[in-house]
Amino acid sequence: MAQLILGPLQRYAGADEATVWVETDGPCDVEVLGCRERTFHVEGHHYALVHVTGLEPASTTPYEVRLDGERVWPEPESPYPPSVFRTYGDDAPFRIAWGSCRVSAPHSQPFSLRKDQHPEGREVDALRVLADRMCGEDPADWPHALVMLGDQVYADEVSPGVAEYIHAHRDVEVPPGETVANFEEYTRLYREAWSEPHIRWLLSTVPSAMIFDDHDVHDDWNTSKTWVDDMRATGWWDDRIVGGFATYWLYQHMGNLSPGHLADDELYAELRAADDGGPILREFAFRADREVAGTRWSYCRDFGRARLLMIDSRAGRVLDPPEERSMLDPHEWRWLEEHAAGDFDHLLIGTSLPFLLAPGLHYLESWNEAVCNGAWGKPASLLGEKVRQGADLEHWSAFGSSLDRIMELVRDVGTGRKGPPPATIVALSGDVHHAYLAEVGFPNGTGMRSAAYQATCSPFRNPLDDRERRMIRFACSRGGTLVGKLLARAAGVGDPPVRWRFAHDAPFFDNQVCFIEVDGRRARLWLQKTAPEENEGFSLETVFERLLAS
Ligand SMILES: [Fe+2]
């Protein structure tokens with residue numbers, strides 16, 4: 001009899017339908033609430049995404065998963081509440097939990113220590129603490145969706161379990177060493193990331209929307225043309241990127257899509273029809289690395305009157321020629337501009353990389369881009385590239401023309417050029433291992449009618465050490481801003497397209513999760529971080545709260 005290897009993950013949830021993702025150890029029929037799907041096969045792995053239909057809007061419905069008629073979920077004697085579908089109703093509040101950057105490691109020493117106490121210390125996973133709290137809560141208080149904004153898995157910082165697997169299967173003296181090398185190792189990485197019991201239950205009961213960031217593939221992924229050329233010249237990059245894209249498609253992307261999109265997705269149809277979809281998926285994955293246009297990872301979800309646009313700001317970058325760098329390729333820009341138009345109360349833009357950084361960092365990145373592009377001559381540009389890669393200067397600020405363009409889009413939405421202005425336009429981002437809310441100001445006379453924000457929350461589990469925190473604090477300070485500004489000016493960089501200011505004094509560190517709740521035209525945001533309790537437990541403590549629109 002087939003066994004459940006991973007999942008169920010509840011992925012899409014609409015007003016009357018949902019999708020449930022599973023990986024099994026053999027071919028079987030997967031059944032959820034009477035809806036059935038046959039698994040498809042990729043290189044010894046078996047997957048299914050069950051489309052559950054006929055749910056009541058604004059309802060809560062417990063579900064079970066059956067493989068060939070045998071119940072495999074909930075597990076026997078499960079200590080967790082039943083997994084449920086919670087469909088939304090148009091006029092009910094909708095609550096999203098969100099954040100990014102989650103390494104997998106046991107919750108035991110040294111991994112549970114602070115990074116300053118031990119280099120492998122990562123403290124406690126904020127999502128695990130959230131799941132623990134939810135177990136004792138009324139489901140009415142649970143988030144309706146979980147938005148995961150990148151670094152869902154760390155291919156270059158593997159857990160002890162995956163490291164053990166790697167050591168048993170190949171020589172780690174040969175690159176890429178103790179990092180993930182291929183498809184099979186990636187499947188282990190995902191299994192480890194999502195099978196911790198609390199996380200597994202959380203993902204079974206809260207629908208999730210995901211987008212990748214660099215560590216899902218490799219630190220600094222697609223930072224510049226030089227970086228890409230260097231990686232392709234190694235002997236191991238092709239296997240890594242093919243494994244990375246293939247598993248991203250299977251474990252993250254397929255479930256991001258709505259049932260309507262899946263019905264039109266050619267790759268999904270081909271994989272379901274193949275005896276072994278491995279060759280098809282490998283070819284697709286290789287092409288996705290070599291051709292920027294043609295693959296779109298960005299997608300859109302509507303939660304009642306709120307629209308979430310999830311933008312890929314890693315895979316689809318245009319890096320060649322370096323002077324025409326762009327975060328998105330022309331097709332993706334067009335897609336984004338089309339989907340930002342419409343009539344909704346809130347526009348949430350999910351992007352792993354913040355549009356707007358701590359001011360000092362913003363100027364540093366825009367200075368670096370100018371220097372890399374030759375503002376200070378050829379020798380300085382070579383040095384600039386080293387600084388870019390060494391200091392991770394790779395956000396929207398390092399793609400100046402893309403930042404201008406995305407801010408023009410925010411302005412067009414907020415002034416009503418794309419439909420009735422929503423109450424809020426909020427960028428949800430991660431990656432930077434600190435959290436903040438910034439209010440965005442457009443020049444006087446722009447006519448903005450929406451309130452615009454940059455909200456950033458990172459990490460779920462991967463906190464900075466004290467030295468790194470000091471650097472971020474400096475980048476947020478007046479002194480850091482001034483130094484960055486002077487550098488940028490010296491390289492001929494002009495003012496940024498908008499002004500922004502933190503809605504609190506200092507950025508927030510530690511493992512944390514952020515929430516946003518929309519209710520009609522109203523929106524509220526609050527940030528919770530993990531805090532130790534007596535008897536070695538942890539809770540989530542609210543450290544910041546703000547009404548975004550009333
Ligand atoms: Fe990242």
Side-chain angles (χ1 to χ4, degrees), residues 98-105 115 122 125-127 146-159 176 179-180 186 189-190 193 208-224 227-228 231 240-241 244-245 247-248 251-253 297-298 310-317 319 327-328 349-358 361-362 364-365 368 388-399 402-403 427-436 454-465 468-469 471-472 475 507-514:
W98 61 278
S100 70
C101 307
R102 181 176 168 268
V103 290
S104 292
K115 204 172 168 185
R122 297 292 180 272
D125 181 356
L127 287 186
L146 174 64
V147 175
M148 300 171 85
L149 291 159
D151 301 342
Q152 271 71 262
V153 290
Y154 277 68
D156 43 11
E157 190 182 332
V158 302
S159 62
T179 72
V180 167
Y186 258 111
L189 193 65
Y190 277 101
S208 48
M210 309 177 183
I211 195 78
F212 44 27
D213 199 32
D214 55 345
H215 292 284
D216 296 77
V217 171
H218 192 292
D219 189 22
D220 301 347
W221 181 28
N222 283 345
T223 205
S224 63
W227 186 92
V228 172
M231 295 308 275
R240 165 76 152 262
I241 192 66
F245 271 131
T247 49
Y248 179 78
Y251 289 79
Q252 301 197 47
H253 182 69
W297 302 102
S298 303
M310 287 287 264
I311 310 179
D312 153 34
S313 45
R314 280 285 176 188
R317 293 176 172 191
L319 301 169
M327 270 294 188
L328 312 178
I349 308 177
T351 153
S352 60
L353 304 179
F355 298 139
L356 302 170
L357 296 167
L361 280 178
H362 166 83
L364 189 65
E365 294 203 356
N368 179 258
R388 164 145 74 195
Q389 292 189 25
D392 295 358
L393 307 181
E394 56 192 12
H395 300 83
W396 288 77
S397 305
F399 287 74
S402 298
L403 181 62
L428 306 178
S429 310
D431 182 57
V432 291
H433 301 258
H434 58 283
Y436 54 88
Q454 168 70 57
T456 303
C457 178
S458 155
F460 286 138
R461 191 183 189 196
N462 196 2
L464 298 180
D465 62 28
E468 295 164 323
R469 290 177 193 209
M471 281 163 51
I472 298 292
F508 299 96
F509 298 100
D510 298 310
N511 292 335
Q512 47 203 345
V513 51
C514 202

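Order of appearance sets the numbers: ligands from 1, and atoms from 1 within every ligand.
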Practice prompt. Taking salt bridge (Lys or Arg N to Asp or Glu O under 4.0 Å) as the test, write out the residues that go with Asp213, two or more places apart.
Written response: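 So Asp213 forms a salt bridge (Lys or Arg N to Asp or Glu O under 4.0 Å) with Arg314.
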Worksheet item: Ignoring waters, how many protein N/O/S atoms are under 2.8 Å from the Fe ion (ligand 1)?
Response: 4
Worksheet entry | For Tyr436, all residues meeting ring pair (Phe, Tyr, Trp, His ring centres under 6.0 Å), sequence neighbours excluded | His434, Phe502
Worksheet item: Partners of His362 by ring pair (Phe, Tyr, Trp, His ring centres under 6.0 Å), sequence neighbours excluded?
Response: Trp500
Item to complete: Tell me yes or no: between the side chains of Glu394 and Thr223, is some donor less than 3.5 Å from an acceptor?
Response: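 Looking only at side-chain atoms, Thr223 and Glu394 do form a donor-acceptor pair, the distance falling under 3.5 Å.
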Item to complete: Answer with yes or no whether the side chains of Asp216 and Gln252 bring together a donor and an acceptor at under 3.5 Å.
Response: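 Note: Gln252 and Asp216 side chains meet the donor-acceptor criterion.
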Worksheet entry | Under-4.0 Å salt bridge between Arg102 and Asp151 | no
